[in-house]
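Only a predicted model underlies this, so the values are computations on that prediction, with no experimental measurement involved. Both backbone and side-chain heavy atoms feed into the values below; hydrogens, waters and symmetry mates do not. Position 1 is the first residue of the sequence, and the numbers go up from there.
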Amino acid sequence: MEGAPLEAVGDHTVFKPFSTLKALGRSKSDSKKLSKARKEIRVVELFPKAFRKRTGRKLVSCYTKIVSLQEDNSQKLPFIALSYAPGDASKTVPIYVNNRTVQVPAELADVLQHFEHDRLALRVWADAVCINPVNVFEKDYLMGMTSEIFRRAEEVLVWLGKGGNGSDSSMRTLAEIGNEAVQARAEAWIKAEHNEDLWTYNMEEKHAEIREKWFPDGVSSFYRTTTQNILQRPWFRRVGSLQEAALNDNVHFVCGAKSIPKFVLWDAVTTITQVSNSMKAEKRMSMSQVSLLPETLPQADVVSHRTLDFVIQPSCDTMEELLMFTSSDIGSWSFEANDPRDRVFALLGIASDATSLNLSADYARSCREVYCEVAEAVLKQASSLTILYACGGQKNIKGLPSWVPDWTVPIPSLLGSRANGVFAASGRNSTPRIAFKAGVQGRSLLIALGYQLDTVMEVMGTRWDAKWDLDFSEGSPVIEFLDDINDFAAQYVIAYGTGAERFDAVWRTPIADSDAHFLELRNVDDQVLVPRSRASPRMKRSFEALTGGVAEAVWDPSWRRAASKPYVDVLKREAPGRRLFATSQGFFGLGQEDVEPGDKVCVLQGGDSPFLLRAQKDGATYQVIGESYVYGIMNGEFMRSDPESEVFALE
């Protein structure tokens, strides 16, 4: 173990004796075809630092070796699996593989050089040197083996990048907080004698101790910015990272010269988040500022925290759930993949239904073909139409049918599903009735049974802009928007029988009847983020403050801004990419930004929210515009009128 590059590389079996003479004698590329029957993979043995010193080589050197995963499925094998963010694919540098130079991502060359042992060879799996990129068969095969490779590795090293900008200090801080949290958890459990109620109480005491040490007087005793910089490394928003770090318990996160076990890092980030949020809650609760999470955590921290949550406790999510999870719109911190097909392929190893969907990695297929295949497979065995709600907006991948989501386009906030107990426009027990039919130019049609509620008659021109300041002076964008809603509703929103019902429609529809994200502080160690709940009376009060409908709002602008904030926070989340509309019967709705007069408002069997469909020139098919919120029909009210069913051919 002498000379090991980092304490993270902890097992002697991954190191191999090394001979410079034998290494120089390996001049032939190991091009032997891998045996699928023997579950063979290719690893590399990374030459030590001593080799470069003796030969004068400046480049990293390694040679390839074929190993079999056919042995006992539960047995770990003596190699390290590297997980890293490859960065810009156009930035490559040469290294020696089997004494011949090959180009690899610059980031990988840095990783390999960092882990060179002083005198022993280190056996490593790294995709860019262990997969022949020009051999499509091998790429497909090994991509399908990725989950088993990382699960069977003796250890997984997650490379966050080179050190710098205080990263060593931040890694030490995270390790200390994480280890204290791990110890506190164990001590609390022992003290509670396995009683959960006592354990919760003891954890509150332990968290108070940690808080006093690391957040004295409510201020962190460490540099929060440099700690956040660790969590903003590209690895945390890479789709492929999920399976690579989730399937092996022996995982270390490495940044520069420091490393942290994944459980310790998770405990550190979780503890910092919980303590920060509890302090924020104490400060804000008296002011009724309950939209806590966006103010407490920058977006980058949200991404890293949910990535760590997943790799610590990988759930048995379906392919549909994983696609929706990794495609959620979190601004510039959304999940990424260099190859858009990997948004599907990188999830195959962790999707609970991958086998029943009969999906496999196939790089010979275009991205359009891959996305169509997964959408059709998911819809055929789904109990709802959730995947169709990801179809709204513009598409980057050309030629996709309107009912196939483009997973390269981040999904905005969705209106919620019956799984969250929110909406069920087609009824709580409704299931999809769909089929597939060949269309023109090889594009499949999705045939769905549903019901037409109405037709869009008018679309409101003004949209809420999240960048607006809460300026309530005459002629400000905010006042103009509020005036437009009032005028629009007065002219077109006539479907509701009473003034109270109409007012309900006016304030609920712009926010899709959604409450602010609320971090429910049951206790310090049990904080529940309610993803979407129906708008509560406090949202109505906040709307009244925003519109100046209460006395305090007239004479105190500061109070008005503060009281308006919960409603405005939800507007910022729900309004982007959407427009308000009215139907010919006077229903008030919120739909995709490209909604047009003449679009059909339809409820499809198994649908949780109504769909906007646009009739095509052939008169026989429809385009899916996207989901919508329509006040008064979101919980099966329309279905109770026993409407006549129709068959919709979606192209």
A.B. asks: Can you spot which of V404, V624, D608, L446 makes a side chain to side chain contact (heavy atoms under 4.5 Å, CB included) with L388?
C.D. replies: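 Option passing the side chain to side chain contact (heavy atoms under 4.5 Å, CB included) with L388: L446.
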A.B. asks: Do T226 and S170 pair up side chain to side chain, a donor and an acceptor below 3.5 Å, judged on atom types alone?
C.D. replies: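 Note: T226 and S170 side chains meet the donor-acceptor criterion.
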A.B. asks: Counting only heavy atoms not in E369, do more than 12 sit closer than 6.0 Å to its CD atom?
C.D. replies: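 Atom CD in E369 is crowded, with more than 12 foreign heavy atoms closer than 6.0 Å.
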A.B. asks: Enter the distance from N179:CG to F263:CZ here, rounded to the nearest 0.5 Å.
C.D. replies: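 Atom-to-atom, N179:CG and F263:CZ are 13.5 Å apart.
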A.B. asks: If you measure from CG on D267 to CD1 on I177, what distance do you get to the nearest 0.5 Å?
C.D. replies: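 With rounding to 0.5 Å, CG (D267) is 11.0 Å from CD1 (I177).
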A.B. asks: Could you tell me whether the side chain of R368 and the main chain of I397 form a donor-acceptor pair under 3.5 Å?
C.D. replies: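 Checking the backbone N and O of I397 against the side chain of R368, no donor-acceptor pair under 3.5 Å is found.
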A.B. asks: With a 6.0 Å cut-off (strictly less than), is the heavy-atom count around CD of Q313, excluding the residue itself, greater than 12?
C.D. replies: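 Count not over threshold, so no.
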A.B. asks: Could you check if a side-chain atom of M145 sits within less than 4.5 angstrom of a side-chain atom of I41, using non-hydrogen atoms only?
C.D. replies: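 Yes - at least one pair of side-chain heavy atoms lies under 4.5 Å apart.
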A.B. asks: Quick check with a 6.0 Å cut-off and a 45 degree axis cone: is R306 positioned over the face of F325's six-membered ring?
C.D. replies: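 Because its charged atom sits under 6.0 Å from the ring centre and within 45° of the axis, R306 does stack over F325.
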A.B. asks: Any heavy-atom pair between the side chains of K139 and I131 that's under 4.5 Å?
C.D. replies: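 Side-chain contact under 4.5 Å: yes.
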A.B. asks: Taking the side chain as every heavy atom from C-beta outward, state whether C372 and L400 have any pair of such atoms under 4.5 Å apart.
C.D. replies: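 The answer is yes, as the side chains (C-beta and beyond) meet within the 4.5 Å cut-off.
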A.B. asks: Closer than 3.5 angstrom, by distance alone: can the side chain of K262 be matched with the main-chain N or O of N248 as a donor-acceptor pair?
C.D. replies: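 Judged by distance alone, yes, a pair lies under 3.5 Å.
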A.B. asks: Given 3.5 Å as the limit, does a donor-acceptor pair link the side chain of Y141 with the main chain of A361, or not?
C.D. replies: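 No; judged by distance alone, with no hydrogens or angles, the pair does not exist.
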A.B. asks: How far apart are the C-alpha atoms of K39 and E148, what are their side-chain angles, what is the distance that settles it, and do they pass the salt bridge (Lys or Arg N to Asp or Glu O under 4.0 Å) test?
C.D. replies: CA-CA 10 Å; K39 298 173 70 173; E148 184 163 3; 2.7 Å; yes
A.B. asks: Any luck finding a side-chain donor-acceptor pair between T146 and E244 under 3.5 Å?
C.D. replies: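 The criterion, which ignores hydrogens and geometry beyond distance, is not satisfied for E244 and T146.
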A.B. asks: Determine whether a donor-acceptor pair (N or O, by modelled atom type, separation under 3.5 Å) exists between the side chain of S167 and the backbone of G164.
C.D. replies: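 Yes.
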A.B. asks: Assess whether side chain to side chain contact (heavy atoms under 4.5 Å, CB included) is satisfied between D309 and W266, documenting all intermediate values.
C.D. replies: CA-CA 7 Å; D309 277 345; W266 174 82; 2.6 Å; yes
A.B. asks: In sequence, state the C-alpha distance, the side-chain angles, and the governing distance for L308 and L265, and then conclude on side chain to side chain contact (heavy atoms under 4.5 Å, CB included).
C.D. replies: CA-CA 8 Å; L308 286 169; L265 180 59; 4.0 Å; yes
A.B. asks: Are side-chain heavy atoms of V254 and F115 found at a separation under 4.5 Å?
C.D. replies: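 Result yes, sub-4.5 Å side-chain heavy-atom pair found.
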A.B. asks: Please step through side chain to side chain contact (heavy atoms under 4.5 Å, CB included) for the pair Q592 and E627, ending with a clear verdict.
C.D. replies: CA-CA 7 Å; Q592 299 296 318; E627 64 177 344; 4.0 Å; yes
A.B. asks: Does this structure show an ion pair linking E138 with R42, if we count only N-O contacts that are shorter than 4.0 Å?
C.D. replies: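 The answer is yes: the pair qualifies as a salt bridge.
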A.B. asks: Going by the angle between their ring planes, with limits at 30° and 60°, are W159 and H114 parallel, tilted or perpendicular?
C.D. replies: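 The rings of W159 and H114 sit tilted, inter-plane angle from 30° to 60°.
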A.B. asks: Main chain of D569, side chain of R573: is a donor-acceptor contact present, judged purely on distance under 3.5 Å?
C.D. replies: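 The answer is no, because no donor-acceptor pair under 3.5 Å joins these two groups.
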A.B. asks: Taking all atoms of both residues into account, what is the closest heavy-atom pair of S241 and V311, and its distance?
C.D. replies: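 For S241 and V311, the tightest heavy-atom pair comes out as O-CG1, 4.3 Å.
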A.B. asks: Roughly how far apart are E40 CD and Q70 CD, rounded to 0.5 Å?
C.D. replies: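 That separation rounds to 8.5 Å.
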A.B. asks: Can you tell me which residue among F335, Y84, F253 is in a ring-ring contact (aromatic ring centres under 6.0 Å, His included) with W235?
C.D. replies: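 Filter result, single survivor: F253.
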A.B. asks: Going by the side chain to side chain contact (heavy atoms under 4.5 Å, CB included) test, name the single residue among T386, D317, V374 that passes it with L323.
C.D. replies: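 Running side chain to side chain contact (heavy atoms under 4.5 Å, CB included) over T386, D317, V374 with L323 returns exactly one hit, V374.
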A.B. asks: Out of curiosity, I434 CD1 to E376 CD, how far, rounded to the nearest 0.5 Å?
C.D. replies: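 Result: 8.5 Å between the selected atoms.
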A.B. asks: Measure the CZ-CG distance between R151 and L77 for me, rounded to the nearest 0.5 Å.
C.D. replies: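 Nearest 0.5 Å value for the CZ-CG distance: 10.0 Å.
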A.B. asks: Shortest non-hydrogen contact from V14 to P78?
C.D. replies: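 So the two residues come closest at CG1-C, 3.9 Å.
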A.B. asks: Tell me if a side-chain donor or acceptor on T307 pairs with a main-chain N or O of F236 at a distance below 3.5 Å.
C.D. replies: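 It does hold such a pair.
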A.B. asks: Charged N to carboxylate O under 4.0 angstrom, E176 versus R172?
C.D. replies: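 R172 and E176: not salt-bridged.
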A.B. asks: Check whether N338 reaches the backbone of G87 with its side chain - one donor and one acceptor, N or O, closer than 3.5 Å.
C.D. replies: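 Here the side-chain-to-backbone pair exists.
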A.B. asks: Identify the heavy atoms of L322 and A351 that sit nearest to each other, and give their distance.
C.D. replies: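 Heavy-atom minimum between the residues: CD1-CA, 3.6 Å.
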A.B. asks: Show your working on salt bridge (Lys or Arg N to Asp or Glu O under 4.0 Å) between D513 and R534 and close with a plain yes or no.
C.D. replies: CA-CA 5 Å; D513 198 12; R534 290 195 63 188; 2.6 Å; yes
A.B. asks: Got P410 and S328 here, is their nearest side-chain heavy-atom distance under 4.5 Å?
C.D. replies: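 The answer is no, as the side chains (C-beta and beyond) never meet within the 4.5 Å cut-off.
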A.B. asks: Do D353 and T318 pass the side chain to side chain donor-acceptor pair (under 3.5 Å) test, and can you show the C-alpha distance, the side-chain angles, and the key distance before you say yes or no?
C.D. replies: CA-CA 6 Å; D353 57 351; T318 63; 4.5 Å; no
A.B. asks: For residues E107 and D110, determine if any side-chain heavy atom of one lies less than 4.5 Å from a side-chain heavy atom of the other.
C.D. replies: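 When only atoms from C-beta onward are counted, D110 and E107 do touch, with a gap below 4.5 Å.
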A.B. asks: Donor-acceptor pair, distance only, cut-off 3.5 Å: does the side chain of D406 make one with the backbone of N396?
C.D. replies: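 Confirmed, D406 side chain pairs with N396 backbone.
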A.B. asks: Could you state the interatomic distance from OG (S356) to CG (N358), rounded to the nearest 0.5 Å?
C.D. replies: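 If I round to the nearest 0.5 Å, the distance is 9.0 Å.
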A.B. asks: Does any non-hydrogen side-chain atom of V129 lie less than 4.5 Å from one of L108?
C.D. replies: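 Yes; the side chains approach each other to less than 4.5 Å.
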A.B. asks: Any carboxylate oxygen within less than 4.0 angstrom of a Lys/Arg side-chain nitrogen, looking at E336 and R238?
C.D. replies: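 So E336 does not pair with R238 through a salt bridge.
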A.B. asks: Identify the heavy atoms of C130 and L142 that sit nearest to each other, and give their distance.
C.D. replies: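 Residues C130 and L142, closest heavy atoms: O-CD1, 3.6 Å.
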A.B. asks: Can you tell if the side chain of V158 reaches within under 4.5 Å of the side chain of L160, non-hydrogen atoms only?
C.D. replies: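 They are in contact (side-chain heavy atoms under 4.5 Å apart), so the answer is yes.
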A.B. asks: Spell out, as yes or no, whether a donor-acceptor pair under 3.5 Å connects the side chain of Y389 to the backbone of S609.
C.D. replies: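 Confirmed, Y389 side chain pairs with S609 backbone.
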A.B. asks: More than 12 foreign heavy atoms under 6.0 Å from CG of N165: is that the case here?
C.D. replies: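 No, not enclosed.
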A.B. asks: State, to 0.1 Å, how close V264 and A175 come at their nearest heavy-atom pair, and which atoms those are.
C.D. replies: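 For V264 and A175, the tightest heavy-atom pair comes out as CG1-O, 3.7 Å.
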A.B. asks: Charged N to carboxylate O below 4.0 Å: is that the case for R578 and E574?
C.D. replies: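 Looking at R578 and E574, the cut-off is met.
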A.B. asks: Please give me the minimum heavy-atom distance between A390 and M324, naming the atom from each residue.
C.D. replies: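 Smallest interatomic distance, heavy atoms only, reads CB-SD, 4.0 Å.
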A.B. asks: May I have the step-by-step check of side chain to side chain contact (heavy atoms under 4.5 Å, CB included) for F611 and L385, ending in yes or no?
C.D. replies: CA-CA 11 Å; F611 288 93; L385 298 176; 4.2 Å; yes
A.B. asks: Does E155 pair with K76 as a salt bridge, N-O distance under 4.0 Å?
C.D. replies: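 No, this pair does not count.
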A.B. asks: Just by distance, do the side chain of R341 and the backbone of Y363 share a donor-acceptor pair under 3.5 Å?
C.D. replies: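 Between the backbone of Y363 and the side chain of R341 there is a qualifying donor-acceptor contact (under 3.5 Å).
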A.B. asks: Hey, are S327 and W407 close enough side-chain-wise for a donor-acceptor pair under 3.5 Å?
C.D. replies: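 No, S327 and W407 have no side-chain donor paired with an acceptor closer than 3.5 Å.
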A.B. asks: Step through the shown structure and confirm whether more than 12 heavy atoms of other residues, nucleotides or ligands are within 6.0 Å of CG on D88.
C.D. replies: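 Check passes, neighbour count above 12.
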